[in-house]
Amino acid sequence: MLCIQQLLVIIDFFNNMSNVTFILEAYKRIHEQRFLFVGILASLYLVIVVANILIIYVICAERELHRPMYILICNLACINLYGGSGLTPFIIYNILSGTFQIQWLACLVQIFSINTYGGCEIINLTVMAYDRYISICSPLTYQKIMSPSKVILFVALIWLLPFLRCVVTLLITANLKMCGFVIEKVYCDNYSLVKLACSGVSQVNIYSATVTFFSVMPPLVIIIYSYIKIIIICSTLTRTGQAKAMSTCVPHLIAIVNFFIGCSFELFQSRFDMTHLPYTIRVVLSLYFLILSPVLNPILYGVRTQKIKDAMKRKV
(Lines give C-alpha, C1' and ligand atoms only; values in the text may rest on other atoms or scores of the structure.)
Protein backbone atom coordinates (compact mmCIF):
# COMPACT_ATOMS: atom_id res chain seq x y z
CA MET A 1 0.00 0.00 0.00
CA LEU A 2 2.84 2.36 0.88
CA CYS A 3 4.56 1.67 -2.45
CA ILE A 4 1.35 2.49 -4.34
CA GLN A 5 1.01 5.79 -2.45
CA GLN A 6 4.63 6.69 -3.22
CA LEU A 7 4.07 5.84 -6.89
CA LEU A 8 0.98 8.06 -6.99
CA VAL A 9 2.95 10.92 -5.41
CA ILE A 10 5.69 10.54 -8.02
CA ILE A 11 3.16 10.44 -10.88
CA ASP A 12 1.38 13.51 -9.51
CA PHE A 13 4.71 15.34 -9.17
CA PHE A 14 5.66 14.62 -12.79
CA ASN A 15 2.20 15.64 -14.00
CA ASN A 16 2.52 18.98 -12.22
CA MET A 17 6.06 19.60 -13.47
CA SER A 18 5.30 18.60 -17.07
CA ASN A 19 3.72 22.02 -17.65
CA VAL A 20 6.79 23.91 -16.38
CA THR A 21 8.87 25.55 -19.09
CA PHE A 22 12.23 27.29 -19.04
CA ILE A 23 13.37 30.16 -21.23
CA LEU A 24 16.69 29.58 -22.98
CA GLU A 25 17.88 33.17 -22.99
CA ALA A 26 20.92 32.62 -25.22
CA TYR A 27 18.72 32.09 -28.30
CA LYS A 28 17.42 35.64 -28.03
CA ARG A 29 20.96 37.03 -27.76
CA ILE A 30 22.25 35.24 -30.88
CA HIS A 31 19.13 35.74 -32.97
CA GLU A 32 20.84 38.17 -35.35
CA GLN A 33 23.63 35.64 -36.06
CA ARG A 34 21.24 32.67 -36.22
CA PHE A 35 21.99 31.73 -39.83
CA LEU A 36 25.74 31.82 -39.19
CA PHE A 37 25.30 29.57 -36.14
CA VAL A 38 23.04 27.16 -38.03
CA GLY A 39 25.51 26.91 -40.92
CA ILE A 40 28.46 26.21 -38.64
CA LEU A 41 26.57 23.77 -36.40
CA ALA A 42 25.03 21.87 -39.32
CA SER A 43 28.44 21.53 -41.01
CA LEU A 44 30.09 20.31 -37.81
CA TYR A 45 27.24 17.89 -37.09
CA LEU A 46 27.56 16.43 -40.58
CA VAL A 47 31.27 15.85 -39.90
CA ILE A 48 30.43 14.24 -36.53
CA VAL A 49 27.96 11.79 -38.07
CA VAL A 50 29.97 10.88 -41.19
CA ALA A 51 33.41 10.66 -39.54
CA ASN A 52 32.33 8.65 -36.49
CA ILE A 53 30.15 6.24 -38.48
CA LEU A 54 33.07 5.72 -40.85
CA ILE A 55 35.41 4.87 -37.94
CA ILE A 56 32.82 2.46 -36.49
CA TYR A 57 32.23 0.80 -39.87
CA VAL A 58 35.94 0.36 -40.68
CA ILE A 59 36.82 -1.12 -37.28
CA CYS A 60 33.81 -3.46 -37.29
CA ALA A 61 34.40 -4.60 -40.88
CA GLU A 62 38.17 -5.14 -40.64
CA ARG A 63 39.01 -8.29 -38.67
CA GLU A 64 42.61 -7.14 -38.19
CA LEU A 65 41.29 -4.26 -36.09
CA HIS A 66 39.36 -6.49 -33.68
CA ARG A 67 41.88 -5.76 -30.93
CA PRO A 68 41.46 -3.96 -27.59
CA MET A 69 42.92 -0.60 -28.70
CA TYR A 70 40.73 -0.41 -31.81
CA ILE A 71 37.64 -1.66 -29.98
CA LEU A 72 38.11 1.20 -27.52
CA ILE A 73 38.54 3.65 -30.42
CA CYS A 74 35.32 2.25 -31.92
CA ASN A 75 33.57 2.72 -28.58
CA LEU A 76 34.91 6.27 -28.38
CA ALA A 77 33.38 6.94 -31.82
CA CYS A 78 30.02 5.60 -30.53
CA ILE A 79 30.26 7.92 -27.52
CA ASN A 80 31.12 10.87 -29.78
CA LEU A 81 28.17 10.07 -32.05
CA TYR A 82 25.90 9.82 -29.00
CA GLY A 83 27.20 13.06 -27.48
CA GLY A 84 27.14 15.03 -30.72
CA SER A 85 23.61 13.86 -31.55
CA GLY A 86 22.24 14.48 -28.06
CA LEU A 87 21.84 18.26 -28.42
CA THR A 88 23.10 19.54 -31.78
CA PRO A 89 19.92 18.74 -33.81
CA PHE A 90 17.81 20.26 -31.01
CA ILE A 91 19.87 23.46 -31.02
CA ILE A 92 19.70 23.77 -34.82
CA TYR A 93 15.92 23.26 -34.72
CA ASN A 94 15.45 25.85 -31.96
CA ILE A 95 17.51 28.47 -33.80
CA LEU A 96 15.60 27.97 -37.07
CA SER A 97 12.15 27.81 -35.45
CA GLY A 98 12.75 30.72 -33.07
CA THR A 99 11.80 28.53 -30.12
CA PHE A 100 13.27 29.95 -26.92
CA GLN A 101 11.54 27.64 -24.46
CA ILE A 102 12.01 24.08 -23.27
CA GLN A 103 9.76 21.92 -21.12
CA TRP A 104 10.93 20.55 -17.80
CA LEU A 105 11.09 16.90 -18.92
CA ALA A 106 12.99 17.83 -22.09
CA CYS A 107 15.40 19.80 -19.90
CA LEU A 108 16.08 16.70 -17.77
CA VAL A 109 16.66 14.65 -20.93
CA GLN A 110 19.28 17.17 -22.06
CA ILE A 111 20.99 17.06 -18.66
CA PHE A 112 21.03 13.26 -18.85
CA SER A 113 22.52 13.36 -22.36
CA ILE A 114 25.27 15.84 -21.44
CA ASN A 115 26.28 14.14 -18.20
CA THR A 116 26.32 10.60 -19.58
CA TYR A 117 28.28 11.70 -22.66
CA GLY A 118 30.95 13.41 -20.54
CA GLY A 119 31.12 10.50 -18.09
CA CYS A 120 31.44 7.87 -20.83
CA GLU A 121 34.10 9.88 -22.66
CA ILE A 122 36.38 10.37 -19.65
CA ILE A 123 36.17 6.71 -18.59
CA ASN A 124 36.83 5.53 -22.16
CA LEU A 125 39.88 7.80 -22.44
CA THR A 126 41.10 6.45 -19.09
CA VAL A 127 40.75 2.81 -20.20
CA MET A 128 42.59 3.71 -23.42
CA ALA A 129 45.46 5.17 -21.36
CA TYR A 130 45.56 1.97 -19.29
CA ASP A 131 45.55 -0.08 -22.51
CA ARG A 132 48.54 1.88 -23.88
CA TYR A 133 50.34 1.52 -20.53
CA ILE A 134 49.97 -2.28 -20.52
CA SER A 135 50.85 -2.55 -24.22
CA ILE A 136 54.09 -0.55 -23.92
CA CYS A 137 55.20 -1.31 -20.36
CA SER A 138 54.11 -4.97 -20.05
CA PRO A 139 53.81 -6.31 -23.62
CA LEU A 140 54.29 -9.96 -22.57
CA THR A 141 51.21 -9.88 -20.33
CA TYR A 142 49.11 -7.65 -22.61
CA GLN A 143 47.01 -10.46 -24.14
CA LYS A 144 46.20 -11.86 -20.70
CA ILE A 145 45.35 -8.52 -19.06
CA MET A 146 43.41 -7.11 -22.02
CA SER A 147 41.58 -10.32 -22.87
CA PRO A 148 38.33 -10.14 -24.92
CA SER A 149 36.19 -10.77 -21.83
CA LYS A 150 37.89 -7.94 -19.91
CA VAL A 151 37.54 -5.56 -22.87
CA ILE A 152 33.80 -6.34 -22.99
CA LEU A 153 33.62 -5.69 -19.24
CA PHE A 154 35.45 -2.36 -19.66
CA VAL A 155 33.08 -1.28 -22.44
CA ALA A 156 30.04 -2.24 -20.34
CA LEU A 157 31.35 -0.24 -17.36
CA ILE A 158 32.18 2.74 -19.58
CA TRP A 159 28.48 3.04 -20.41
CA LEU A 160 26.90 1.72 -17.22
CA LEU A 161 28.67 3.79 -14.54
CA PRO A 162 27.86 7.26 -15.97
CA PHE A 163 24.24 6.23 -16.64
CA LEU A 164 23.74 5.06 -13.04
CA ARG A 165 25.41 8.17 -11.63
CA CYS A 166 23.30 10.43 -13.82
CA VAL A 167 20.04 8.77 -12.76
CA VAL A 168 20.85 9.65 -9.12
CA THR A 169 21.75 13.21 -10.12
CA LEU A 170 18.48 13.66 -12.00
CA LEU A 171 16.41 12.28 -9.12
CA ILE A 172 17.98 14.87 -6.80
CA THR A 173 17.63 17.74 -9.28
CA ALA A 174 14.04 16.82 -10.18
CA ASN A 175 12.96 17.30 -6.55
CA LEU A 176 14.15 20.92 -6.43
CA LYS A 177 11.49 23.62 -6.35
CA MET A 178 12.18 26.24 -9.00
CA CYS A 179 12.01 29.97 -8.26
CA GLY A 180 13.40 31.07 -11.63
CA PHE A 181 12.87 29.94 -15.20
CA VAL A 182 15.52 31.70 -17.29
CA ILE A 183 18.60 29.71 -18.35
CA GLU A 184 21.49 31.71 -19.84
CA LYS A 185 22.40 29.04 -22.40
CA VAL A 186 21.18 27.34 -25.55
CA TYR A 187 20.63 24.11 -23.60
CA CYS A 188 19.85 22.88 -20.09
CA ASP A 189 22.57 21.73 -17.74
CA ASN A 190 22.33 20.57 -14.15
CA TYR A 191 24.13 23.56 -12.61
CA SER A 192 21.81 26.01 -14.40
CA LEU A 193 18.76 24.32 -12.86
CA VAL A 194 20.35 24.23 -9.41
CA LYS A 195 20.98 28.00 -9.60
CA LEU A 196 17.25 28.52 -10.22
CA ALA A 197 16.16 26.47 -7.20
CA CYS A 198 14.51 28.09 -4.18
CA SER A 199 16.11 25.86 -1.54
CA GLY A 200 18.24 22.78 -1.04
CA VAL A 201 20.95 24.25 -3.23
CA SER A 202 23.82 23.74 -0.77
CA GLN A 203 23.12 20.03 -0.40
CA VAL A 204 22.92 19.56 -4.17
CA ASN A 205 26.14 21.53 -4.65
CA ILE A 206 27.95 19.37 -2.09
CA TYR A 207 26.70 16.22 -3.80
CA SER A 208 27.62 17.55 -7.26
CA ALA A 209 31.09 18.62 -6.12
CA THR A 210 31.71 15.21 -4.55
CA VAL A 211 30.49 13.32 -7.63
CA THR A 212 32.52 15.56 -9.95
CA PHE A 213 35.67 15.07 -7.87
CA PHE A 214 35.39 11.27 -7.87
CA SER A 215 34.40 11.25 -11.55
CA VAL A 216 37.38 13.32 -12.66
CA MET A 217 40.27 12.84 -10.22
CA PRO A 218 40.67 9.01 -10.29
CA PRO A 219 40.64 8.90 -14.12
CA LEU A 220 43.05 11.84 -14.25
CA VAL A 221 45.43 10.13 -11.80
CA ILE A 222 45.31 6.90 -13.85
CA ILE A 223 45.99 8.79 -17.10
CA ILE A 224 48.90 10.77 -15.63
CA TYR A 225 50.40 7.67 -13.97
CA SER A 226 50.06 5.65 -17.20
CA TYR A 227 51.86 8.26 -19.28
CA ILE A 228 54.60 8.81 -16.71
CA LYS A 229 55.36 5.08 -16.88
CA ILE A 230 55.13 5.15 -20.70
CA ILE A 231 57.61 8.05 -20.89
CA ILE A 232 60.02 6.24 -18.55
CA ILE A 233 59.87 3.06 -20.65
CA CYS A 234 60.17 5.00 -23.93
CA SER A 235 63.35 6.65 -22.67
CA THR A 236 65.01 3.20 -22.66
CA LEU A 237 63.90 2.27 -26.19
CA THR A 238 65.57 2.88 -29.53
CA ARG A 239 64.35 5.76 -31.70
CA THR A 240 62.37 3.30 -33.80
CA GLY A 241 60.75 1.85 -30.70
CA GLN A 242 59.98 5.30 -29.34
CA ALA A 243 58.41 6.37 -32.63
CA LYS A 244 56.27 3.21 -32.75
CA ALA A 245 55.13 3.62 -29.14
CA MET A 246 54.31 7.31 -29.45
CA SER A 247 52.48 6.87 -32.77
CA THR A 248 49.66 5.17 -30.84
CA CYS A 249 49.84 7.60 -27.91
CA VAL A 250 49.85 10.98 -29.66
CA PRO A 251 46.21 10.81 -30.94
CA HIS A 252 45.09 9.71 -27.49
CA LEU A 253 46.98 12.53 -25.76
CA ILE A 254 45.50 15.12 -28.12
CA ALA A 255 42.01 13.68 -27.51
CA ILE A 256 42.53 13.90 -23.73
CA VAL A 257 43.82 17.49 -23.85
CA ASN A 258 40.99 18.57 -26.16
CA PHE A 259 38.37 16.95 -23.92
CA PHE A 260 39.66 18.55 -20.73
CA ILE A 261 39.94 21.95 -22.45
CA GLY A 262 36.26 21.62 -23.36
CA CYS A 263 35.41 20.61 -19.77
CA SER A 264 37.36 23.62 -18.45
CA PHE A 265 35.50 26.00 -20.78
CA GLU A 266 32.18 24.56 -19.60
CA LEU A 267 33.23 24.80 -15.94
CA PHE A 268 34.39 28.42 -16.12
CA GLN A 269 31.49 29.48 -18.33
CA SER A 270 28.89 27.96 -15.97
CA ARG A 271 30.31 28.73 -12.55
CA PHE A 272 32.17 32.02 -12.88
CA ASP A 273 31.22 35.50 -13.97
CA MET A 274 31.95 35.69 -17.70
CA THR A 275 29.88 38.78 -18.47
CA HIS A 276 33.02 40.62 -19.61
CA LEU A 277 33.10 38.33 -22.67
CA PRO A 278 30.82 38.92 -25.69
CA TYR A 279 27.71 36.75 -25.49
CA THR A 280 28.53 34.97 -28.75
CA ILE A 281 31.91 33.89 -27.34
CA ARG A 282 30.21 32.54 -24.22
CA VAL A 283 27.81 30.47 -26.35
CA VAL A 284 30.72 29.10 -28.40
CA LEU A 285 32.63 28.16 -25.22
CA SER A 286 29.57 26.33 -23.85
CA LEU A 287 29.27 24.33 -27.09
CA TYR A 288 32.98 23.45 -27.37
CA PHE A 289 32.58 20.53 -24.96
CA LEU A 290 29.73 19.03 -27.01
CA ILE A 291 31.01 19.66 -30.53
CA LEU A 292 34.81 19.74 -30.81
CA SER A 293 35.66 16.35 -29.30
CA PRO A 294 33.15 14.43 -31.49
CA VAL A 295 34.52 16.33 -34.52
CA LEU A 296 38.23 16.03 -33.75
CA ASN A 297 38.52 12.47 -32.41
CA PRO A 298 37.48 10.46 -35.52
CA ILE A 299 39.55 12.72 -37.79
CA LEU A 300 42.51 12.41 -35.44
CA TYR A 301 42.40 8.60 -35.25
CA GLY A 302 41.61 8.25 -38.95
CA VAL A 303 44.65 10.32 -39.94
CA ARG A 304 47.17 9.46 -37.21
CA THR A 305 46.50 5.72 -36.76
CA GLN A 306 48.18 3.92 -39.66
CA LYS A 307 46.17 0.68 -39.47
CA ILE A 308 42.87 2.54 -39.44
CA LYS A 309 44.06 4.69 -42.34
CA ASP A 310 45.07 1.59 -44.34
CA ALA A 311 41.76 -0.12 -43.53
CA MET A 312 39.85 2.95 -44.74
CA LYS A 313 41.67 2.79 -48.08
CA ARG A 314 40.60 -0.83 -48.48
CA LYS A 315 37.01 -0.45 -47.28
CA VAL A 316 36.00 2.98 -48.55
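For reference, positions follow the sequence shown, starting with 1.
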### Task
Name the orientation class of the two ring planes belonging to Tyr227 and His252 (parallel below 30°, tilted from 30 to 60°, perpendicular beyond 60°).
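Taking His252 first and then Tyr227, their aromatic rings lie parallel (interplane angle under 30°).
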- Message: Salt bridge check, Lys195 against Glu184: does any charged N sit closer than 4.0 Å to a carboxylate O?
- Response: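 No, Glu184 and Lys195 are not salt-bridged.
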Item checked: From CA spacing to verdict: side-chain contact (heavy atoms from CB on, under 4.5 Å), Ile183, Leu196 -> CA-CA 8 Å; Ile183 296 174; Leu196 299 176; 3.9 Å; yes
Next on the checklist: Set out, in order, the CA-CA distance, both residues' side-chain angles and the distance that settles side-chain contact (heavy atoms from CB on, under 4.5 Å) for Ile299 and Val47, then state yes or no.
Outcome noted: CA-CA 9 Å; Ile299 297 174; Val47 173; 4.0 Å; yes
Flag if over 12 foreign heavy atoms under 6.0 Å of OH, Tyr93
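No, the 6.0 Å shell around OH holds no more than 12 heavy atoms from other groups.
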Next item on the list: Can you establish whether the number of heavy atoms outside Phe214 located under 6.0 Å from its atom CZ is more than 12?
Entry: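 Not buried by this count: 12 neighbours or fewer within 6.0 Å.
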Is there a path of hydrophobic side-chain contacts, each under 4.5 Å between heavy atoms of I/L/V/M/F/W/Y residues, joining [Y] to [X]?
X: Ile91; Y: Phe35; answer: no
X: Ile136; Y: Ile232; answer: yes
X: Leu176; Y: Ile172; answer: yes
X: Leu157; Y: Trp159; answer: yes
X: Met217; Y: Ile206; answer: no

Would you check if the side chain of [X] reaches a backbone N or O of [Y] as a donor-acceptor pair within less than 3.5 Å?
X: Gln242; Y: Cys234; value: yes
X: Asn124; Y: Leu72; value: yes
X: Thr236; Y: Ile233; value: yes
X: Ser286; Y: Val283; value: yes
X: Ser247; Y: Lys244; value: yes
X: Asn75; Y: Ile71; value: no
X: Thr169; Y: Arg165; value: yes
X: Thr126; Y: Ile122; value: yes
X: Ser85; Y: Leu81; value: yes
X: Asp189; Y: Ile114; value: no

Heavy-atom closest pair, residues [X] and [Y]:
X: Ile145; Y: Lys150; value: O-CD, 2.8 Å
X: Leu300; Y: Pro251; value: CD2-O, 3.0 Å
X: Ser293; Y: Tyr117; value: CB-OH, 3.5 Å
X: Ile158; Y: Pro162; value: O-CD, 3.1 Å
X: Cys166; Y: Ile111; value: SG-O, 4.2 Å
X: Gly302; Y: Ile308; value: CA-CG2, 4.1 Å

For the residue pair [X] and [Y], confirm or rule out a side-chain donor-acceptor distance under 3.5 Å.
X: Asn258; Y: Tyr288; answer: yes
X: Asn94; Y: Gln101; answer: no
X: Thr248; Y: Arg132; answer: yes
X: Ser149; Y: Ser147; answer: yes

(request) Return yes when the gap between the SG atoms of Cys74 and Cys60 is under 2.5 Å; return no otherwise. (result)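 No, no disulfide: SG-SG not under 2.5 Å.
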Give, for atom [atom1] of [X] and atom [atom2] of [Y], the distance between the pair rounded to the nearest 0.5 Å.
X: Asn115; Y: Leu170; atom1: CG; atom2: CG; value: 7.0 Å
X: Cys107; Y: Met178; atom1: SG; atom2: CE; value: 8.5 Å
X: Tyr70; Y: Leu76; atom1: OH; atom2: CG; value: 14.5 Å
X: Ile231; Y: Ser226; atom1: CD1; atom2: OG; value: 11.0 Å
X: Leu44; Y: Leu296; atom1: CG; atom2: CG; value: 11.5 Å
X: Leu290; Y: Asn80; atom1: CG; atom2: CG; value: 11.5 Å

Worked verdict on Ile254 versus Val250 for side-chain contact (heavy atoms from CB on, under 4.5 Å):
CA-CA 6 Å; Ile254 296 174; Val250 169; 3.8 Å; yes
task = Determine, step by step, whether Phe259 and Glu121 satisfy the side-chain contact (heavy atoms from CB on, under 4.5 Å) criterion, reporting the C-alpha distance in whole Å, the side-chain angles of both residues, the deciding distance to 0.1 Å, and the verdict.
result = CA-CA 8 Å; Phe259 177 74; Glu121 180 108 350; 3.4 Å; yes
Would you call [X] and [Y] a side-chain contact if the rule is heavy atoms closer than 4.5 Å?
X: Leu54; Y: Pro298; result: no
X: Ile73; Y: Ile55; result: yes
X: Tyr187; Y: Leu24; result: no
X: Leu65; Y: Lys307; result: yes
X: Tyr27; Y: Phe37; result: no
X: Tyr142; Y: Asp131; result: yes
X: Ile95; Y: Val186; result: no
X: Pro89; Y: Tyr45; result: yes

Go through the structure and list residues passing ring pair (Phe, Tyr, Trp, His ring centres under 6.0 Å) with Tyr191, not counting sequence neighbours.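 Counting only residues at least two positions away or on another chain, Tyr191 forms no ring pair (Phe, Tyr, Trp, His ring centres under 6.0 Å).
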Evaluate Glu62 against Arg67 for salt bridge (Lys or Arg N to Asp or Glu O under 4.0 Å), listing each step before the verdict. CA-CA 10 Å; Glu62 188 70 25; Arg67 300 177 184 178; over 6 Å; no
Looking at the rings of Phe112 and Phe163, which for Trp means the six-membered one, are their centres under 6.0 Å apart?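 Phe112 vs Phe163: aromatic centres under 6.0 Å.
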#### Entry: side-chain hydrogen bond (donor to acceptor under 3.5 Å, both in side chains) between Tyr82 and Thr116, worked out
CA-CA 9 Å; Tyr82 165 72; Thr116 50; 2.6 Å; yes
